[in-house]
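Heads up: the structure comes next, in structure tokens.
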2 protein chains.
Amino acid sequence: MNMLKEPSLSNPHDCVDCPIRHRAVCARCETDELEALEQIKYYRSFQAGQTLIWSGDQMDFVGSVVSGIATLTQTMEDGRTQMVGLLLPSDFVGRPGRDGAAYDVVATTDLVMCCFRKKPFERMMMETPHIAQRLLEMTLDELDAAREWMLVLGRKTAREKIASLLSIFARRDASLKVDVSKDTLVFDLPLTREAMADYLGLTLETVSRQISALKKDGVIHLEGKRHVTIPNLSRLLEEAGDDADGGIMV
Amino acid sequence: MNMLKEPSLSNPHDCVDCPIRHRAVCARCETDELEALEQIKYYRSFQAGQTLIWSGDQMDFVGSVVSGIATLTQTMEDGRTQMVGLLLPSDFVGRPGRDGAAYDVVATTDLVMCCFRKKPFERMMMETPHIAQRLLEMTLDELDAAREWMLVLGRKTAREKIASLLSIFARRDASLKVDVSKDTLVFDLPLTREAMADYLGLTLETVSRQISALKKDGVIHLEGKRHVTIPNLSRLLEEAGDDADGGIMV
DNA sequence: CGCCTTCTTGATCGAATTCAAGGAATGTGG
DNA sequence: CCACATTCCTTGAATTCGATCAAGAAGGCG
């Protein structure tokens, strides 16, 4: 495990240079609004594996993921665990207007958060429609994602579930790529087999078996345990049970 | 099937007398804001079984359920369907800022909707923070509900799933009851076995069997197919795998 | 009455879980 | 540098829970 993330990112820096400036909760803010946000923001870094927030904890901040990946999980008393969200850069953490955290938030990779003190942020939300509007938009998107995931959890087979998860990673990866033209996608799985299982409502053994099966059938290529190549994205989407073309709702 | 819902409700009437006045998207509106809303609202009635909105359809309105129950469902090409939401009185339908409907919306009972023409409503949202604030709050609640349901779909057994669904009905019913003191709850199931199966990611046979099992074990009583008595709510919650006490997050 | 739709129950089957063992990669301390 | 531990992953065998296939019961309604 990396002992220290480069600390530069955790030092204060300008919103203007921020990598998530145009996708995060602050996306619609004007220059003066950004300046007000700068007053109440601070950065925090977390190591891979660290729990940022425990379900039930008092929350004194909300914020945005700047870099890295975190998971949102729910756990039953007997230990059964379900991941209910995957937090990627620009995603929002916390719920304005509520004190207790509803889920565990765990850093899957090293992570940097841009945090806002909760009370001042809530006050700003009342005064700054641009923030509330953007938060509503993001929340509606998350709701759609959650509902799409309900279909995955409730009705898809293990093989389709794995293909669906890989599609998410692939789609995300494609959106970061400059060259969209070529159909071949390459990325590293950001989750362990167990974390994938928790996302998909499966056991880690089933995840492992289905990944092996997709590999054997040529739907994916695997180098090592994490490095994935998708030779044919539409083939993967077919395996996921989605309609041929991405299926991104406008 | 009832041929006609009493038509009185579908005629224009004052927001002030509205049964969902304090829970719907208009909950925070002042008198003058309500008057503006009255200008763009109209009522529509639907019969049980009718599809209000088809996934992919152009949406020219958004609105609130005034009375009755509707479901939000997603369907795969091969016919597998997953219910992704249950719309009860005061719940909001439609997504401001998007043209196409993402899900089928089907009336489970006779239903009355308070509709707002979409464009004027979107304009009002920009000008009326009270509406946007309330919509954000409601959307965050729905997101929490969707995530709780992900746990149900991903990790609970068939028996726990049924108990969880019954708990939702019971909880909702309890909130409408005057006398909260007594532990015994009585209500009619608002869904067919098939609709319950679609909500829970099960088959209707499994739903039927698990309901029979819960009946045999005295967790519920059944009169006819739909009329349910819960003699002991905490017993039911235990069967649902939730922590003993309601588990409503503050 | 017979015809729907909705629901129940039984028998069988199969996909995913559970239980179990071991492999691969990485790190640690002698 | 090697023995050993740890974490993450894979694979096999047995089991089980829910699905599927099938038949018939219970109402509601023309």
Side-chain angles (χ1 to χ4, degrees), chain A residues 1-3 47-49 76 78-82 106 108-109 152-165 188-217 220 222-228 239 241, chain B residues 1-3 47-49 76 78-82 106 108-109 152-166 188-217 220-228 239 241:
Chain A
M1 190 188 301
N2 295 343
M3 275 300 39
Q47 289 176 12
M76 295 171 67
D78 61 8
R80 280 176 283 175
T81 297
Q82 176 65 50
V106 181
T108 291
T109 63
V152 172
L153 291 173
R155 291 303 187 194
K156 291 195 178 180
T157 64
R159 186 182 174 101
E160 289 170 332
K161 285 179 174 182
I162 296 291
S164 298
L165 184 57
D188 283 323
L189 291 172
L191 301 180
T192 64
R193 301 291 187 266
E194 187 179 19
M196 289 189 248
D198 284 342
Y199 204 4
L200 296 167
L202 297 171
T203 59
L204 68 89
E205 293 95 330
T206 299
V207 170
S208 183
R209 273 186 255 273
Q210 295 298 336
I211 289 180
S212 297
L214 288 175
K215 178 182 173 186
K216 184 164 73 67
D217 297 345
I220 63 173
L222 252 192
E223 280 174 79
K225 295 163 180 204
R226 298 290 193 95
H227 194 71
V228 177
E239 291 284 355
Chain B
M1 188 189 300
N2 296 343
M3 276 297 44
Q47 289 177 11
M76 295 171 68
D78 60 9
R80 281 177 281 176
T81 71
Q82 176 66 49
V106 181
T108 291
T109 64
V152 172
L153 291 173
R155 291 302 187 194
K156 290 194 178 179
T157 65
R159 184 184 176 98
E160 289 169 333
K161 284 179 175 181
I162 297 289
S164 298
L165 184 56
L166 294 175
D188 283 323
L189 292 172
L191 301 180
T192 65
R193 302 290 187 267
E194 188 179 19
M196 289 190 248
D198 284 342
Y199 205 3
L200 296 166
L202 298 171
T203 59
L204 68 90
E205 293 96 328
T206 298
V207 169
S208 184
R209 272 187 253 273
Q210 295 299 334
I211 289 180
S212 297
L214 287 175
K215 178 184 173 185
K216 184 165 72 67
D217 297 346
I220 63 173
H221 298 170
L222 251 192
E223 280 173 79
K225 295 165 176 199
R226 298 291 193 94
H227 194 71
V228 177
E239 291 285 356

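Quantities reported herein were computed from a predicted structural model and do not represent experimental measurements. Naming convention: chains lettered A, B, ... in sequence-line order (proteins, then strands); numbering from 1 in each chain.
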Flag the pair [X] and [Y] as a salt bridge only when some basic side-chain nitrogen lies within less than 4.0 angstrom of an acidic carboxylate oxygen.
X	Y	answer
B/K161	B/E239	no
A/R80	B/E160	yes
B/R159	B/D217	yes

Write down the distance between [atom1] ([X]) and [atom2] ([N]), rounded to a whole number of angstrom.
X	N	atom1	atom2	answer
B/L214	C/dT9	CG	P	13 Å
A/K215	D/dT10	NZ	C1'	10 Å
A/L153	C/dA15	CG	P	20 Å
B/I211	D/dA26	CD1	P	18 Å
A/L189	C/dA25	CG	P	16 Å
A/K161	C/dA15	NZ	P	14 Å
A/L222	C/dA25	CG	P	13 Å
A/E160	C/dA15	CD	P	12 Å

Would you indicate whether A/E205, at its atom CD, is surrounded by more than 12 heavy atoms from other residues, nucleotides or ligands within a distance under 6.0 Å?
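Enclosed: over 12 neighbouring heavy atoms sit under 6.0 Å from CD of A/E205.
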Can a side-chain donor-acceptor contact be found between A/D198 and A/T81 if the only test is distance below 3.5 angstrom?
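Not at all, the side chains of A/T81 and A/D198 share no donor-acceptor pair under 3.5 Å.
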For nucleotides 5-9 of chain D, give me every protein contact, N/O to N/O, under 3.5 Å, one pair per line with atom names.
unit_1: D/dC8; atom_1: O2; unit_2: A/K225; atom_2: NZ; d: 3.3
unit_1: D/dC9; atom_1: OP1; unit_2: A/R226; atom_2: NE; d: 3.0
unit_1: D/dC9; atom_1: OP2; unit_2: A/R193; atom_2: N; d: 2.9

Measuring only between side-chain heavy atoms, which start at C-beta, is A/R193 closer than 4.5 Å to A/I211?
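Yes, at least one pair of side-chain atoms sits under 4.5 Å.
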Going 5' to 3' through nucleotides 12-22 of chain D, assign each nucleotide B (protein heavy atom under 4.0 Å from a base atom), S (under 4.0 Å only from sugar-phosphate atoms) or - (no protein heavy atom that close).
BB----SSBB-
